[in-house]
Amino acid sequence: MATAAAIRAELEQVNASIARETQTLSQLSGDVEEANERQRLRRELDAKKKSLAHMQNESSRFRRMRMNRDEDVSGPHMPNLPSQGSRDQGSYQTLDFRRGGRSQKKVEIDCKQAVSTGTLEWKITGMSWLKETLDQADEPIAWSPECMTAGNVELTAYYCPFPDVDIVSANGEECHVTLGGSVNILNLGRCHDDKTVIRYRFYILHRDGHYVQWGEEGQVCGANEDLEDLVFGPDVTSTSQTASGVFGLQHKELLQSEWVNNDTLTVKIELEVRPTTRSVGSNLPPRKQSIQVPEATISSKFLSLFEGERCTDITFNVKGESIKAHSQVLAARSEVFQRQFFGGLQESVSKEVTIEDMEPKIFKGFLKFLYTDGLEHIEATIKKCLEENGTSSDSTGSTGSVPSTTKASILQDILAMSHKYQELRLLAWCQQQLCTYITEREVCSVLCQAHLCEAQQLEAACLDYIKEHFSKIAPTEEFARLTTEWPELMLKISLHAQGVSSEETAAALSTQQAVRKRKREAS
């Protein structure tokens, strides 16, 4: 048991601690009061800054008004325009109303004549990093780096991953928005009293490669000065409400949705703009006589030549089906065909080419592309193949006359054909399309095809995807086959994951090939 002296000593220590804590508490209480005052001053400063910004905007507006009044551009005392019906009062013409007559006239006005259209396509790559990027830049929103001009307005696109951040709109008003646009009026100083009508539509690219409209078509109309910096979009709302998000999805949900593919959100905004036309007496201009220039027909004429099999001189035997074509047209489009038909090879004499590694309908679609340079024929061919197999663009497999039953596998076949005949435009298009179909299931086969076809951009996209999703791809059967059948690709995957440069990778691959060559010679 403690002695009285020990208890007194402990009591003194406790009393000393109480005294210290009392002093600390008093000091902290004073610190809180000072912090409250600093917070109050900051809010007061915010209010003063907002009031200053409003006053600066008003001063700028009145300066523009003063300039327009001085230059007689607008104002309540504009000079009167001469009436179209005025005539010289010094002479008169006698009218005889007793004589009858008949008059007939047809007139037309075209309200759409002054309408300009424009489209802005914007990709946000690395969506999962957007919040962090904005935090580092101390910015609340991301905006398109370039504007799109339509008529008298410039459009800038905005994306805000924070649904409750206040965005400044026209006349200093604030709003909440996830994805929207903002316009600047060109030549505002001379036409701020004029009115402009803007119609807008927002589209989001779906994972299957098609744009889907988000929200209804919107329209704003007002004086140019009221439209300056106006923020608009399907989910723009007041600061008392939270922005609903793209298709009702907040940023985190959007990242996991079908609207973000390969960590990329693709947006398309269409504008229709009708400014004030300043025509005398009316803002509805008369329809002007216009001469319609026919569209170019060379593509349709060449397509008709191919489909009608007129004047053909070469036959392709594709898995038992005969397809007739024109050697000179194909030679003009492909150096491979030029060497084949006019380079002294067997085909230049026999005028027949046998193809066993491609389906007839796909090869025919390829020839239509060569005749017209139109990618729509490739897209139509892919769609027809999928419909005949009863599959969709994201299906996993089916049975049918065409063994390639997914859009990704058909694109791989077309990629191989483009590489075989060195059609570089189609090769680049196939790479672009296949980048949107890189999945955990498809990435290994796409990587193999990209490697064989020397499609470097597609190969880089596959390597990036494998690096990012390696833990999910490694256990798959496709990756297991890759490890046993494609040692060169496995080396590329390993070096890419370590961040090795392309030059060092090329040197490592060259060394690997030399070692494999020595082994083959030794055996």
Side-chain angles (χ1 to χ4, degrees), residues 204-212 256-264 266 318-319 355-366 368-369 375-420 423 426-455 457-466 468-470 472-482 485-486 489 493:
I204 310 297
L205 186 66
H206 192 271
R207 187 170 293 167
D208 64 5
H210 295 86
Y211 278 104
V212 178
Q256 308 300 322
S257 71
E258 64 272 25
W259 308 109
V260 174
N261 189 29
N262 289 335
D263 207 22
T264 300
T266 304
V318 186
K319 289 190 175 182
I355 298 176
E356 295 294 341
D357 59 348
M358 186 58 56
E359 292 298 320
K361 59 176 62 65
I362 295 179
F363 187 76
K364 188 177 293 185
F366 174 65
K368 288 182 180 181
F369 168 79
L375 291 168
E376 65 272 13
H377 299 295
I378 299 296
E379 294 174 337
T381 298
I382 295 173
K383 183 178 180 181
K384 183 177 180 181
C385 291
L386 293 173
E387 289 175 349
E388 290 183 0
N389 283 277
T391 59
S392 62
S393 60
D394 56 355
S395 60
T396 57
S398 179
T399 59
S401 59
V402 182
S404 303
T405 55
T406 67
K407 187 171 182 179
S409 57
I410 297 175
L411 283 168
Q412 290 180 60
D413 291 340
I414 300 174
L415 179 76
M417 187 164 50
S418 305
H419 176 257
K420 177 180 179 180
E423 176 40 58
L426 184 57
L427 185 73
W429 181 83
C430 289
Q431 292 186 74
Q432 179 195 63
Q433 295 296 306
L434 280 168
C435 281
T436 66
Y437 285 92
I438 297 176
T439 62
E440 296 169 11
R441 185 180 67 245
E442 301 279 3
V443 66
C444 292
S445 64
V446 174
L447 176 61
C448 294
Q449 196 69 52
H451 175 70
L452 292 174
C453 297
E454 300 174 307
Q457 293 173 309
L458 178 60
E459 183 179 276
C462 291
L463 292 174
D464 286 339
Y465 188 89
I466 292 175
E468 187 176 350
H469 303 85
F470 186 78
K472 296 181 179 179
I473 296 172
T476 63
E477 183 179 343
E478 291 80 6
F479 188 79
R481 285 199 298 268
L482 202 67
E485 300 173 8
W486 296 87
L489 286 181
I493 293 173

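Note that the numbering runs from 1 along the sequence shown for the chain.
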Report yes if the side chains of Ile382 and Ile362 come closer than 4.5 Å at any heavy-atom pair, otherwise no. no
Compare every heavy atom of Gln431 with every heavy atom of Leu458, then report the nearest pair and how far apart it is. N-OE1, 3.0 Å
If you compare all heavy atoms of Pro360 against all heavy atoms of Val318, which two are closest, and at what distance to 0.1 Å? CG-O, 3.4 Å
Taking all atoms of both residues into account, what is the closest heavy-atom pair of Cys448 and Leu482, and its distance? SG-CD1, 3.3 Å
Minimum heavy-atom separation for Ile473 to Ile466, with atom names? CD1-CA, 3.8 Å
Measuring from Glu359:CD to Glu388:CD, what's the distance to the nearest 0.5 Å? 10.0 Å
Spacing of Ile438 atom CD1 and Asp464 atom CG [to the nearest 0.5 Å]: 8.5 Å
Shortest non-hydrogen separation from His377 to Gly365 and the atoms involved: CB-O, 4.3 Å
In short, Cys430 meets Leu411 closest at the heavy-atom pair SG-O, 4.2 Å
What distance separates Ile204 CD1 from Ser257 OG, expressed to the nearest 0.5 Å? 9.5 Å
Before accepting this row, confirm whether a basic side-chain N of the pair Arg441/Glu478 lies closer than 4.0 Å to the acidic partner's carboxylate O. no
Roughly how far, to the nearest 0.5 Å, is CD of Gln433 from CD of Glu379? 6.5 Å
Where does the angle between the aromatic ring planes of Phe366 and Phe369 fall among parallel (under 30°), tilted (30 to 60°) and perpendicular (over 60°)? parallel
Is the closest side-chain heavy-atom distance between Cys444 and Arg481 below 4.5 Å? no
Test side-chain contact (heavy atoms from CB on, under 4.5 Å), reference Thr436, set Asp208, Leu205, Thr264, Asn261, output is Asn261
Answer yes or no: does atom CD of Gln457 have more than 12 heavy-atom neighbours from other residues, nucleotides or ligands under 6.0 Å? no
Supply the atom-to-atom distance Phe479 CZ to Leu489 CG, rounded to the nearest 0.5 angstrom. 10.5 Å
Go through the steps to decide whether Lys420 and Met358 satisfy the test side chain to side chain contact (heavy atoms under 4.5 Å, CB included), and finish with yes or no. CA-CA 12 Å; Lys420 177 180 179 180; Met358 186 58 56; over 6 Å; no
Measuring from atom NE2 of His419 to atom CG of Leu452, what distance do you get when rounded to the nearest 0.5 angstrom? 8.5 Å
Regarding Glu440 and His469, do their side chains bring together a donor and an acceptor under 3.5 Å, going by distance alone? no
Applying side-chain contact (heavy atoms from CB on, under 4.5 Å) between Leu386 and each of Thr406, Ile410, Thr381, report the one that passes. Ile410
Could you tell me whether the side chain of Arg207 reaches within less than 4.5 Å of the side chain of Trp259, counting heavy atoms only? no
Starting from the C-alpha separation in whole Å, work towards a yes-or-no answer on side chain to side chain contact (heavy atoms under 4.5 Å, CB included) for Leu447 and Glu459. CA-CA 6 Å; Leu447 176 61; Glu459 183 179 276; 3.7 Å; yes
